[in-house]
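Below you'll find the structure, written out as structure tokens, and then a few comments.
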Number of protein chains: 2
Amino acid sequence: MSSLAKRTASHPSDTTGSAHDRVYRALRARIMYGDIAPGEALTLRGIGREYEVSMTPAREALRRLVAEGALSLSSSGRVTTPELSNERIEELAALRALLEVELSSRALPRAHMALIDRLQSINVTIAEMVSKRDAVGYIRTNLEFHRTLYLRAQAPAMLAMAETVWLQLGPTMRALYGRLRRTDPPQNHRLIIAALKAGDEPGLRLAVRSDVTQGLRLLVV
Amino acid sequence: MSSLAKRTASHPSDTTGSAHDRVYRALRARIMYGDIAPGEALTLRGIGREYEVSMTPAREALRRLVAEGALSLSSSGRVTTPELSNERIEELAALRALLEVELSSRALPRAHMALIDRLQSINVTIAEMVSKRDAVGYIRTNLEFHRTLYLRAQAPAMLAMAETVWLQLGPTMRALYGRLRRTDPPQNHRLIIAALKAGDEPGLRLAVRSDVTQGLRLLVV
DNA sequence: GCGCGGCATTTGTGATCACAGCATAGTGCA
DNA sequence: TGCACTATGCTGTGATCACAAATGCCGCGC
């Protein structure tokens, strides 16, 4: 409901590229950052109306997101944002651990001071989001922290897979960060930065695994 | 060329489901099993003519495959099967190792005798494909071996990711198995089966890693 | 023989439409 | 008052068309 209003207001009117791609990017960001609740239905004509395109580009954007696992397709062709089972959440968490530990490990030898500064600055923004109770902003900035680190791994295919997992967890993540009350500082992020500074690979792997796993553990009811 | 003729002849006319899904499944199988050479171009109208559908389902099938990384999209919208760089091949091989070692490890405690028998029988078929010099059949049966094992891991999201990697490597695989001349028995598969029988997890991880990595090493020119 | 410019064809994109299936709300009956 | 059924609207599917851009080809000039 509120997301509908926000959505229309906050459209940056990104007119670059083709229509279906514009719709795709907009929806992808909204899903990955938890702006859409699990179980919400998306219709072709609704999307088309919202982004001022016809059904054709809306359909392409939706099907692409379905192909990436960001949306689920009912047997009758209806598209909704998925409600994940506990087993699926655990599996996706395991995938995050597997992929992101490897990515961080590959990024470690290339981590200069400039990168660490950048990560620390992102951490400050995360703390702001926490204090503002901005769930979407929190998720977005948190993932930006991870992406910034993993970009140094020079492994585009692996990073793409990790982002696909984030996308699948997006709608569920919102439920998580609504649940955690305490204004916790990103403690695991500090451990990650410390391990990067020290060049401590085992420590880095452990810190990344903890950061990725721990939040999602709250989700498993 | 020859694949064009074979394609038309070997269509099992799978009429189940919607048109775009039928086209998608057919193309996906052909790509994954190396029936299409790297760099080959696919056109909307061409696919439509070939599978007797209009441009709309053809476009959906192609875009879905592009979303999964099975096909690459040029800046002008042209769709071709990708020609992978060495870095990309190495990265995908690393992904295969990462995912499939984990999958096999999860499958190990659930591996009954029936599964092992099944794997051995698939191995026999692989040997037949090798002796028949049937590259597509070899790749298909080889992947069936892996899929049969990983299905026991009860990790659908992880298996889907592994299959996505197979899909991305598909067109390149054909070039590989055209290159290896010797009629080698699937030695690593024997090691995998032996480790399964013995319940030897470290041995299993090593055998899977070797099997996945070794073939692709030949590809890196 | 080789390179370059212009044209015809092919290609992807997006809009629109007809149609069939599904969901839901409303109605009638017990 | 409760429930079953029907009908209306809504949804996805696939075909077709108009359009613009890019490709590839052919011939001309050097």
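Proteins come first, then strands; the chains are lettered A, B, ... in the order of their sequence lines, and each starts at number 1.
Taking atom CZ of R59(A) as the reference point, atom P of dC17(C) lies 15 Å away to the nearest angstrom. When the P atom of dT11(D) is taken as reference, atom CG of L44(A) falls 9 Å away, rounded to whole Å. Atom C1' of nucleotide dT13(C) and atom OH of Y24(A) are separated by 19 Å, given to the nearest angstrom. Atom pair R49(B):CZ and dG12(C):P shows a separation of 11 Å (rounding to whole Å applied). Counting to the nearest Å, the C1' atom of dG14(C) and the CD atom of E60(A) are 9 Å from each other. Computed from coordinates, the R45(B) CZ to dC17(D) C1' distance equals 10 Å when rounded to whole Å. If you measure from atom CD1 of I47(A) to atom C1' of dT11(D), you get 13 Å, rounded to the nearest angstrom.
Applying the 3.5 Å distance criterion, the base of dG12(C) shares no donor-acceptor pair with the side chain of R63(B).
Non-hydrogen atoms lying under 4.0 Å from DNA chain C are contributed by G77(B), R78(B), all within residues 68-78 of chain B.
The shortest side-chain heavy-atom distance between W166(B) and E100(B) falls under the 4.5 Å cut-off.
Salt bridge R88(A)/E83(A): absent, no basic N to carboxylate O contact under 4.0 Å. E102(A) has a carboxylate O that lies under 4.0 Å from a charged side-chain N of R106(A), or vice versa, which qualifies the two as a salt bridge. Ion pairing between D21(A) and R64(A) holds under the 4.0 Å rule for side-chain N and carboxylate O.
Ring planes of H189(A) and F145(A): parallel class, angle under 30° (limits at 30 and 60°).
Among the nucleotides dC17(D), dT13(D), dA15(D), the one closest to any side-chain atom of M55(B) is dC17(D). Taking every side-chain heavy atom of V53(B) into account, dA15(D) is the closest of dT13(D), dA15(D), dG14(C).
Using a 4.0 Å cut-off, no side-chain N or O of T56(A) falls inside it from OP1 or OP2 of dG14(C).
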Report the C-alpha distance between R59(A) and H20(A) in whole Å, list the side-chain angles of each, state the deciding distance to 0.1 Å, and finish with yes or no for side-chain hydrogen bond (donor to acceptor under 3.5 Å, both in side chains). CA-CA 8 Å; R59(A) 184 153 41 151; H20(A) 71 261; over 6 Å; no
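Each of P57(A) and T43(B) lies near DNA chain C, and the nucleotide nearest T43(B) is the one positioned closer to the 5' end.
In this structure, a donor-acceptor pair under 3.5 Å is present between the side chains of Y24(A) and E68(A).
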